[in-house]
Number of protein chains: 2
Amino acid sequence: MSEKRPTIYDVARVAGVSRSLVSLVLRGSDKVSDASREAVETAIAELGYRPSRAASELASGRTETIAVLIDDYANTWFVDLLRGLEGELARDGYRVSVVDTAGATDTEALRRSVDALLSLRADAIVVARDLPPSLTGRTLTTAVAPPLVVAGTRLDMPEGVDGVANDDAAGARLVAEHLLALGHRRIGHLAVAGGAGAARRASFVAAVAAGGGEVIVVEHDGAATEAEGRAAALGLLRAHPELTAVFGANDLMAIGVLGAARELGIRVPEQLSVAGYDSTEIAASGVIDLTTVDDRSYDMGVEVGRMVRDLVGGRPAAGERRVLEPTLIPRGTTGPARRL
Amino acid sequence: MSEKRPTIYDVARVAGVSRSLVSLVLRGSDKVSDASREAVETAIAELGYRPSRAASELASGRTETIAVLIDDYANTWFVDLLRGLEGELARDGYRVSVVDTAGATDTEALRRSVDALLSLRADAIVVARDLPPSLTGRTLTTAVAPPLVVAGTRLDMPEGVDGVANDDAAGARLVAEHLLALGHRRIGHLAVAGGAGAARRASFVAAVAAGGGEVIVVEHDGAATEAEGRAAALGLLRAHPELTAVFGANDLMAIGVLGAARELGIRVPEQLSVAGYDSTEIAASGVIDLTTVDDRSYDMGVEVGRMVRDLVGGRPAAGERRVLEPTLIPRGTTGPARRL
DNA sequence: TTGTATGCGTTATCAA
DNA sequence: TTGATAACGCATACAA
């Protein structure tokens with residue numbers, strides 16, 4: 001803890017070259033003689049030198065970082081998106097930095113989270129949750145803000161912002177049609193807060209109604225966790241024993257429904273069909289085997305990566321939209337409606 | 001995208017004060033007159049100014065950031081640790097930045113991940129996975145490296161490094177005793193790579209043997225995912241139909257075992273008992289209802305946070321250890337051994 | 001291919 | 001309580 005960290009100066013001195021030479025080697029320039037390069041590299045190894053990101057960011061004006069804003073680490077739908085994004089941007093040398101807003105319960109805390117996000121000075125920001133209000137203000141449409149790409153729901157995308165969307169309305173409709181085809185007419189839905197939740201809910205209710213069914217919706221404005229889903233489902237199933245199916249707004253909540261059903265001694269899918277949304281890894285598990293909607297978040301990550309590259313490369317934000325069509329993944333938790 | 005980002009200079013000019021004054025306001029100093037403070041604040045709001053972290057880090061030498069290295073976002077055991085850590089460090093104004101190594105399959109890629117981690121120049125590094133070799137080298141014991149705290153397993157902690165450990169040996173023993181008490185004698189174990197996995201495995205095998213039982217271990221060096229656990233369990237259960245219980249090295253793999261059992265038509269817990277480790281949120285779900293070990297990762301996060309504060313505050317690394325005693329959470333996936 | 005000089009946006013040390 | 005000024009460690013013209 002005594003000596004100071006080595007800087008590019010130290011490396012240059014040890015290698016017997018100038019600072020710029022070291023910088024060139026660091027940045028992988030090909031206009032450096034092999035001798036110099038080697039000298040620099042051994043000096044780096046010897047000193048245990050690591051470049052200071054702060055200094056290089058400050059000098060270059062670029063952070064080579066893409067910041068991703070998510071809701072909650074516990075809701076793992078973003079994992080595939082991240083993999084797609086990283087895969088797409090790794091070649092360009094970008095780092096991906098994740099920031100969660102799970103702790104930000106009130107708008108003030110959310111604003112602080114966004115401030116922290118912005119102070120990262122990332123080259124681009126990917127928002128994989130509802131767009132926080134503080135990210136849409138006047139100041140952010142100007143030079144102050146880095147390029148923004150929203151990975152979200154088809155509706156609710158603000159004007160002029162680029163984004164890749166899942167067609168939540170279509171996904172929810174797939175679930176509705178699946179359940180209707182199985183004979184379900186009295187269906188529960190555990191809605192969640194936010195744009196995607198609203199889109200899924202509205203579309204689901206409309207599609208079921210169009211098919212001659214009826215939906216009992218349970219509102220829910222807290223975290224969209226398994227525990228919350230379970231509690232909500234317990235209330236719903238007790239109050240509405242006539243329901244033959246429940247659609248959870250995401251996999252986590254749907255898994256909560258499965259837990260509630262088990263607790264109440266309701267067999268799935270014989271007595272109750274359950275569907276989720278997001279196609280998380282855990283939903284594919286043999287024990288869960290949850291019917292769900294694949295929103296293609298990996299592909300979404302790839303598309304987001306491309307947009308980010310375009311925007312960082314200079315293309316002006318033009319509110320470009322790409323919509324990915326979700327597909328239904330029928331599994332073991334949905335089956336024919338029970339006879340009443 | 002035309003105008004440049006406002007800097008502290010611009011704020012000073014608009015507010016009619018000096019740059020240092022602005023800096024003082026930013027850092028919340030109390031030796032600033034109310035008039036100046038207000039002028040600065042309105043200027044900040046007007047310009048949409050955000051401080052540059054790069055510049056402030058460079059000038060101050062502090063990043064106010066704690067970097068956390070994890071394995072994989074999909075294995076959510078770290079979530080509680082993170083919450084504990086953030087809760088403990090939030091008051092001190094520290095940010096927490098998570099870096100995953102899921103993409104780093106070979107040692108070279110891992111080294112690059114670690115380089116990226118180090119270049120963050122975080123004020124401290126928390127390693128919540130096996131300590132990568134490149135983080136223990138000679139260079140890192142000197143001034144080059146920031147304080148390091150390991151959140152890991154009790155064994156395998158390198159000399160001189162501070163850390164908070166889960167007593168994996170004790171946890172695995174709890175599982176062994178639980179299963180033995182239920183009459184199980186022929187037990188399978190899905191091991192995982194890494195220190196925690198090795199500790200759990202060794203302790204489990206020893207404890208079962210001491211109780212007169214026998215363990216069939218399936219090695220596994222890939223990712224510790226649900227899918228892998230399921231595949232491994234399928235092989236294990238087919239080859240060893242005499243097993244009455246299986247202990248998965250973590251919840252994800254144990255859930256894989258549940259899936260395999262279901263696929264093979266084996267009833268849990270009537271015909272097969274299954275236990276996991278980590279007490280993840282999903283394991284608590286009513287559908288899973290997995291017997292598991294609570295390794296108290298939230299508390300671990302809090303302890304890690306305290307150590308980090310001490311180390312950043314100047315206490316020299318002294319290889320301090322704190323060990324948290326795990327507890328068994330018996331749930332519905334374990335029951336009396338079936339009669340053979 | 002290599003070296004020099006300047007600036008990036010802050011913080012921190014002094015003076016005032 | 002305020003202001004001027006020197007670091008901080010690197011990138012990048014530009015010059016050699």
Side-chain angles (χ1 to χ4, degrees), chain A residues 3-41 43-44 47-65 93 115 118-123 143-144 146, chain B residues 3-41 43-44 47-65 93 118-121 123 143-144 146:
Chain A
E3 358 158 13
K4 292 176 57 186
R5 277 174 168 157
T7 74
I8 201 171
Y9 282 73
D10 302 309
V11 175
R13 187 169 33 71
V14 170
V17 298
S18 76
R19 308 193 282 293
S20 20
L21 240 297
V22 178
S23 182
L24 286 178
V25 172
L26 249 40
R27 315 205 66 228
S29 166
D30 54 348
K31 29 182 72 177
V32 176
S33 72
D34 289 348
S36 300
R37 181 188 308 283
E38 201 172 326
V40 169
E41 276 166 356
I44 286 176
L47 292 167
Y49 165 81
R50 317 263 168 186
S52 154
R53 252 171 79 168
S56 91
E57 287 174 19
L58 185 57
S60 72
R62 279 171 283 106
T63 60
E64 310 267 87
T65 295
D115 272 1
L118 287 171
S119 74
L120 277 176
R121 294 278 165 115
D123 292 346
V144 181
Chain B
E3 357 160 12
K4 292 176 52 186
R5 277 175 169 154
T7 73
I8 201 170
Y9 282 72
D10 302 309
V11 176
R13 187 170 33 71
V14 170
V17 299
S18 75
R19 308 190 274 296
S20 341
L21 239 299
V22 178
S23 180
L24 286 177
V25 171
L26 250 39
R27 316 205 65 228
S29 165
D30 54 347
K31 30 182 66 177
V32 175
S33 71
D34 289 348
S36 300
R37 180 187 310 282
E38 202 171 326
V40 169
E41 277 165 356
I44 286 176
L47 293 169
Y49 164 81
R50 318 259 169 190
S52 155
R53 251 171 79 167
S56 115
E57 288 174 19
L58 184 58
S60 71
R62 277 170 283 106
T63 60
E64 312 264 89
T65 295
L118 288 171
S119 74
L120 277 175
R121 295 277 167 115
D123 292 346
V144 179

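Heavy-atom basis, side chains included; hydrogens, waters and symmetry copies ignored. A, B, ... follow the sequence lines: proteins, then strands. Residue 1 opens every chain. Predicted model, so just to flag it, every value in this text is computed and none were measured.
For the pair T65(A) (side chain) and A122(A) (backbone), a donor-acceptor distance under 3.5 Å is absent. Side chain of R37(B) to backbone of S29(B): a donor-acceptor contact under 3.5 angstrom is found.
Straight-line distance from the CG atom of L24(A) to the C1' atom of dT4(C): 13 Å, rounded to whole Å. As rounded to whole Å, 17 Å separates atom C1' of dG9(C) from atom CZ of R53(A). Taking atom CG of L21(A) as the reference point, atom P of dA16(D) lies 18 Å away to the nearest angstrom. Distance CD1 (I8(B)) to C1' (dA4(D)): 14 Å, rounded to an integer number of Å. Atom OH of Y9(A) is separated from atom P of dT4(C) by 11 Å (rounded to the nearest Å). We find that CD1 of I44(B) is positioned 16 Å from P of dG9(C), with the value rounded to whole Å. Atom CZ of R50(A) and atom P of dC10(D) are 13 Å apart (whole Å). Note: CG (L58(A)) to P (dT6(C)) measures 18 Å, nearest angstrom.
Neither OP1 nor OP2 of dC8(D) sits under 4.0 Å from any side-chain N or O of S52(A). Checking the phosphate oxygens (OP1, OP2) of dG3(C), a side-chain nitrogen or oxygen of S18(A) falls inside 4.0 Å. Taking only side-chain nitrogens and oxygens, Y49(A) comes nearer than 4.0 Å to OP1 or OP2 of dC10(D).
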Derivation of the side-chain contact (heavy atoms from CB on, under 4.5 Å) call for R19(A) and V22(A): CA-CA 5 Å; R19(A) 308 193 282 293; V22(A) 178; 5.6 Å; no
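Closest approach of V32(A) and V25(A) over heavy atoms only: CG1-CG2, 3.9 Å. Closest approach of Y49(A) and V11(A) over heavy atoms only: CG-CG2, 3.6 Å. In plain terms, the two heavy atoms of A54(A) and L58(B) that are nearest each other are CB-N, 3.9 Å.
Between the OH atom of Y9(A) and the OG atom of S18(A) there is a distance of 11.0 Å, given to the nearest 0.5 Å. Summarising the geometry, atom CG belonging to L26(B) is positioned 9.5 Å from atom CD belonging to E41(B); distances are rounded to the nearest 0.5 Å. Taking OG1 of T7(B) as the start and CG of L47(B) as the end, the distance is 9.0 Å to the nearest 0.5 Å.
Of the residues near DNA chain C, P51(B) and R37(A), the one whose nearest nucleotide (by heavy atom distance) lies more toward the 5' end is R37(A). Between A54(A) and S36(B), the one whose closest nucleotide on DNA chain D sits nearer the 5' end is S36(B).
V22(A) comes within contact range of no nucleotide atom at all, as no heavy-atom separation falls under 4.0 Å.
Between the two ends of the helix from dT1(C)-dA16(D) to dA16(C)-dT1(D), each summarised by a five-pair axis, the helix axis turns through 30° (rounded to 10 degrees).
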Provide a list of protein-nucleic acid N or O atom pairs under 3.5 angstrom, restricted to nucleotides 12-16 of chain C.
unit_1, atom_1, unit_2, atom_2, d
dA12(C), OP1, R62(B), NH2, 2.8
dA12(C), OP2, R27(B), NH1, 3.0

